[in-house]
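Read through the structure below, which is laid out as structure tokens, and then see the notes.
Just so it is clear: chains get the letters A, B, ... in the order the sequence lines come, proteins before strands, and each one is counted from 1. Basis for what follows: all heavy atoms, side chains included, without hydrogens, waters or symmetry-related copies.
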Amino acid sequence: MDYFLNAPLIDLEKTLLCGQAFRWKKIDEGLYEGVAHNHYLKLSQAEDGAVLHNICEKDIPFWENYFDLQTDYKKVLEQLSQDSIMREAIINHGGIRLLRQEPFETLISFIISQNNNIKRISGIVERLCDEFGEDVVSDEGVYKAFPTAEVLASLEEPMLSPIRAGFRNRYIIDGARKVYYGDVKLYDLYNLSYDGAKAELLKITGVGNKVADCVLLFGFYKMESFPEDVWIKRVLSEFYPKGIPLCFKGYEGIAQQILFDYIRNNSERTEKYAKSNQ
DNA sequence: AAACAGGCCTAAA
DNA sequence: TTTAGGCCTGTT
């Protein structure tokens, strides 16, 4: 069945391709496909929503959660709009929704993301899945799931060389092993505070402040996480030298995504930072 | 060709 | 505790 996902304001192009997730592909105008949490999906942009093509009825709750339907984006944007710079950013970049991603996939993906660009990150993730992921069979064909911690924990560094992640290979293996052997109880982090969960993630070699914040935001939906990468640092120094406004409170992560896209794309005020690579 | 990419590790003060 | 240099690979 095709299912209309009621997601007010959603912009699939931005939501799926802005760099919060790395397994979605644009296959035609307004049409995308990808794999998330072992579920394949093809979907297309609609007015205030998306059409999920040929899905099982039992998967509806899964996708509603993945696309963060429990968050009222109209209300959130109204709150964020109390800030004038954000109000301007929202005009063209307010259609981004946070995706509620799988924690282990998020962890490894953002380990890979460091000192890297979205295009290459996507390529590395794709090769990682092709090499080590299990099959996900769909009506459209056979796709690959993101590899499990168990599989990645069993690898030695040279075995990862085909994915061309370079110096990140040892980080990937360290992360997988710490998760698989319970040194970091990844799936308990849902129940910890932001600070507590972050301290756990920082035990992993290759996970620093920024990667941890991304994992907390995209993998554990801790909305107060505000990952500060080089782009956001430009936003902060240019627009918010005294810190981010109070009206971001509770939704710092959504604000971050909007500002990230704002400074990288289509912003007259920020075109001096024209992105070189994507 | 040289710099840079949604950073982090390590060594050294 | 903070800071500089280096890092795989790929692109411009």
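- Following rounding to the nearest Å, A/F167 (CZ) and B/dT10 (C1') show an atom-to-atom distance of 14 Å.
- Nucleotide B/dG6 holds its P atom 7 Å from the CH2 atom of A/W231, rounded to whole Å.
- Place A/R168 and A/G206 on DNA chain B by their nearest nucleotides, and A/R168 ends up nearer the 5' end.
- Here, B/dC9 and C/dG10 have their C1' atoms 22 Å apart, quoted to the whole Å.
- In this entry the distance linking CD1 of A/I121 with P of C/dG10 reads 14 Å, nearest Å.
- Distance from the side chain of A/V211 is smallest to B/dC8 among B/dG6, B/dC9, B/dC8.
- Residue contacts shown for A/N209 are limited to sugar-phosphate atoms, with no base heavy atom under 4.0 Å away.
- Closest contact between the side chain of A/D229 and the listed nucleotides B/dG7, B/dC9, C/dG10 involves B/dG7.
- For A/E78, there are no salt bridge (charged side-chain N to carboxylate O under 4.0 Å, His left out) partners two or more places apart in sequence or in a different chain.
- Closest to the side chain of A/R170, out of C/dC8, B/dT10, B/dG6, is B/dT10.
- Straight-line distance from the NZ atom of A/K203 to the C1' atom of B/dC9: 19 Å, rounded to whole Å.
- The C1' atoms of B/dA5 and C/dC7 are separated by 13 Å, rounded to the nearest whole Å.
- Nucleotides B/dC8 and C/dT11 are separated by 22 Å at their C1' atoms, to the nearest Å.
- Distance from the side chain of A/F260 is smallest for B/dG6 among the nucleotides B/dC8, C/dT9, B/dG6.
- The CZ-P distance, from A/R234 to B/dC4, rounds to 10 Å in whole Å.
- Taking the C1' atoms as reference points, C/dG5 lies 16 Å from B/dC4, given to the whole Å.
- Annotation: A/F260 is not in aromatic contact with A/F226 [ring centroid separation under 6.0 Å not met].
- Using a 4.0 Å cut-off, some side-chain N or O of A/R264 falls inside it from OP1 or OP2 of B/dG6.
- Side-chain N/O atoms of A/R164 include none lying less than 4.0 angstrom from OP1 or OP2 on C/dC8.
- The main-chain N or O of A/L9 is found under 3.5 Å from a side-chain atom of A/D48 such that the two form a donor-acceptor pair.
- Side-chain contact check for A/L98 versus A/T71: every heavy-atom pair is 4.5 Å or farther apart.
- Here C/dT12 presents its P atom at 6 Å from NZ of A/K119, a figure rounded to the nearest Å.
- Rounded to a whole Å, the CG atom of A/L98 is 19 Å from the P atom of B/dG6.
- Taking 4.5 Å as the limit, some side-chain heavy atom of A/I232 sits within range of a side-chain heavy atom of A/Q256.
- Rounded to the nearest Å, the gap between the P atom of C/dT2 and that of B/dG6 is 27 Å.
- At whole-Å resolution of the value, CG in A/L107 and P in B/dG7 are 16 Å apart.
- No side-chain donor-acceptor contact under 3.5 Å links A/R127 to the backbone of A/A165.
- Pair assignment for B/dG6: none, as no Watson-Crick or G-U wobble contacts are both less than 3.5 Å.
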